[in-house]
Amino acid sequence: MIEGIKKIGDYEWELPIGFVEGMHVPGRFFLSEKLTGTLEEGALHQLANVATMPGIIRNSLAMPDIHWGYGFPIGGVAAFEYESGVISPGGVGFDINCGVRLLTTPLTPGDLIKKKEILDALYDAVPVGVGARSSLRFSEKQLETMMTEGTAFAVGEGFGNKDDILHCEEQGGMKGAEPAFVSKKARSRGVPQCGTLGAGNHFLEIQVAQEIYDEPAAKAYGLEKGQICMMVHCGSRGLGHQVCTDHLQILEQATRKYHINLPDKQLACAPLTSPEGKAYYGGMAAAANYAWANRQIITHQIRSVLTRLCGIAYDDIRLVYDVAHNVAKIEEHDVDGKRTKVCVHRKGATRAFGPDCQDVPPDYAHIGQPVIIPGSMGSSSYLLKGTDVAMDRTFGSTCHGAGRVLSRSQAKKKLQGKTIRETLGRSGIMIKAPHDGAIAEEAPDAYKSSSEVVSVVHNLGISRLVARLEPLGVIKG
DNA sequence: ATGTTC
């Protein structure tokens, strides 16, 4: 293990103040012994660097899927006191509100005789790949409403039903979105891309609920063993990327203007109460809402395909929940026994609010918020529930997925797309992607084991297992 | 992740 780190529990490690100069609080990360081999020293330095930022509360935190990112580590969680703290695009990531949603269907694996036809139809209905454009046409005015309202906009346009809105984090629309802080360039990228999946680890999957660990929770979430489900993993496309790029430039200047000392330029930030900080928050929230609308429109396309090819009713395809993986939010948390207004940055981390917390839908309130953890291509995904332990220890947060162990270029060099397609095919998993290179980059071997990551957060109790989902068909960008 | 080194 890297020098200067203290093990403080079975799954818990500390980076003491002084690990890097200027830390206000210790860093803390969660890992099993088995995962220590995957730990990157660079990611730990990033975790420590975050602890030097003004107004950080309690700890700079990282989940077991920690890896090196832009400024902040991916898998990082950091809460800042509202009046004295900062907001940073590096703590959110380029793909603002990259997230995932889970749908249930009344189908079972036996109903999937036409699996290839279904995958082909989904592939036609949801454009994939870098720069993919939608056949849907949205006006500038519609984009404005989309950024203000998110999921509710999409439902209002006929892309869903009222229940969908209730079953999203933030009801699929963050308050405080300010499209005025989304540049013309960002908008021009966003208009043609709404309704598209994107590339990289983004996917659309046909899955089966293979195992139920928590019957009462699964029942509340409307999930049964053997049920066919659909999972969508995507984000805010070029629009969110551009919002991040634009505001990074502004915040690099603001860092100097407000005399904030940072060990890394990539941590560019501004006080939450400053004009620059507020502008980023407003633009980021607008991009987050675009991502929610995007996942909602894709949901509609999925429903259209399944109703047409499987003879099931539109409203029998239910949205279990939709979570954000990359976002900063103003929330209230108990800090030293006092209810405190904070800005929680979750970058490759999932909100995991426990029972009866604010924003947990009424029908799930007695269980806690659903937490959806997508697997890497061809591997298990998991449904968990949020807990009181998360509220106490991680500002209501848990992991987001597997986490890379091979870079994209390493994966492409080492692994063959065609071989992976054939191997997965033999285990009954059908893949559609624009080219084999896209498959190699996202190969199962390029990622940490998602089951190990999930078992750490389950054993720690910052979320608890509800169900395991296995892929049957995968569409990759 | 990303009009994949604007």
Side-chain angles (χ1 to χ4, degrees), chain A residues 43 46 65-76 88-101 126-134 143 182-204 232-250 252 265-266 283-284 287-288 290-292 294-295 298 323-328 345-350 374-377 400-413 417 433-443 446-447 475-477:
Chain A
Q46 291 186 320
D65 43 356
I66 180 172
H67 62 116
W68 186 86
Y70 183 93
F72 289 54
I74 296 162
S88 171
V92 171
F94 274 85
D95 191 4
I96 295 165
N97 190 6
C98 175
V100 55
R101 61 168 54 191
V126 184
V128 304
V130 175
R133 290 168 153 257
S134 173
L143 181 74
V182 176
S183 68
K184 214 174 154 114
K185 196 172 175 185
R187 290 165 191 245
S188 72
R189 292 178 74 174
V191 164
Q193 293 185 341
C194 192
T196 66
L197 192 71
N201 65 354
H202 290 167
F203 66 70
L204 193 175
V232 181
H233 181 199
C234 67
S236 51
R237 310 288 288 106
L239 182 139
H241 197 277
Q242 192 64 47
V243 167
C244 181
T245 304
D246 292 340
H247 284 268
L248 269 173
Q249 204 186 356
I250 298 164
E252 277 168 21
K265 185 183 158 191
Q266 294 186 353
M284 176 212 62
Y290 173 94
W292 269 307
N294 192 31
R295 290 196 287 275
I298 291 171
V323 292
H325 284 163
N326 282 7
V327 81
H345 293 63
R346 297 189 183 91
K347 181 190 193 175
T350 314
S376 54
M377 184 176 61
H400 88 304
R404 273 194 176 275
V405 289
L406 290 181
S407 72
R408 287 173 194 286
S409 53
Q410 283 173 323
K412 262 204 277 201
K413 207 180 272 183
H435 52 91
D436 278 349
I439 296 177
E441 284 184 15
E442 298 303 321
Y447 286 87
I475 289 173
K476 298 287 309 173

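So you know, we letter chains A, B, ... as the sequences are listed, proteins then strands, and number each from 1.
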How close or far is atom [atom2] of [N] from atom [atom1] of [X], stated in whole angstroms?
X      : N     : atom1 : atom2 : answer
A:F94  : B:dT5 : CZ    : P     : 12 Å
A:H202 : B:dT4 : NE2   : P     : 16 Å
A:D246 : B:dT2 : CG    : C1'   : 13 Å
A:E441 : B:dT4 : CD    : P     : 13 Å
A:K184 : B:dC6 : NZ    : P     : 23 Å
A:Y70  : B:dT2 : OH    : C1'   : 14 Å
A:H241 : B:dT5 : NE2   : C1'   : 12 Å
A:H247 : B:dT2 : NE2   : C1'   : 17 Å

A:K476 bridged to A:E441 by N-O distance under 4.0 Å =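 A salt bridge is absent here (no side-chain N lies under 4.0 Å from a carboxylate O).
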How is [X] classified with respect to the nucleic acid when contacts are heavy atoms under 4.0 Å: base, sugar-phosphate, or nothing?
X      : answer
A:K185 : base
A:E442 : sugar-phosphate
A:Q193 : sugar-phosphate
A:G198 : sugar-phosphate
A:G235 : nothing

Output all residues satisfying side chain to side chain donor-acceptor pair (under 3.5 Å) with A:Q410, sequence neighbours left out; order by chain, then residue number.
->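 In terms of side chain to side chain donor-acceptor pair (under 3.5 Å), with neighbours along the sequence ignored, A:Q410 is linked to A:S407.
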Return no unless some side-chain N or O of A:R237 is found under 4.0 Å from OP1 or OP2 of B:dT2.
->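 So the side-chain polar atoms of A:R237 do come within 4.0 Å of the phosphate oxygens OP1 or OP2 of B:dT2, strictly under.
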Any idea how A:F94 and A:H241 line up, ring-wise: parallel (<30°), tilted (30 to 60°), or perpendicular (>60°)?
->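 Tilted: the ring planes of A:F94 and A:H241 meet at 30° to 60°.
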Given that A:D95 and A:H435 both sit by DNA chain B, which one's nearest nucleotide is further toward the 5' end?
->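 Of the two residues, A:D95 wins.
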For the pair A:L239 and A:L143, evaluate side-chain contact (heavy atoms from CB on, under 4.5 Å) and give the outcome as yes or no after the intermediate values.
-> CA-CA 11 Å; A:L239 182 139; A:L143 181 74; 4.2 Å; yes
Identify, with sequence neighbours excluded, every residue that meets side-chain contact (heavy atoms from CB on, under 4.5 Å) alongside A:V130.
->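 A:V130 satisfies side-chain contact (heavy atoms from CB on, under 4.5 Å) with A:A199 once adjacent residues are dropped.
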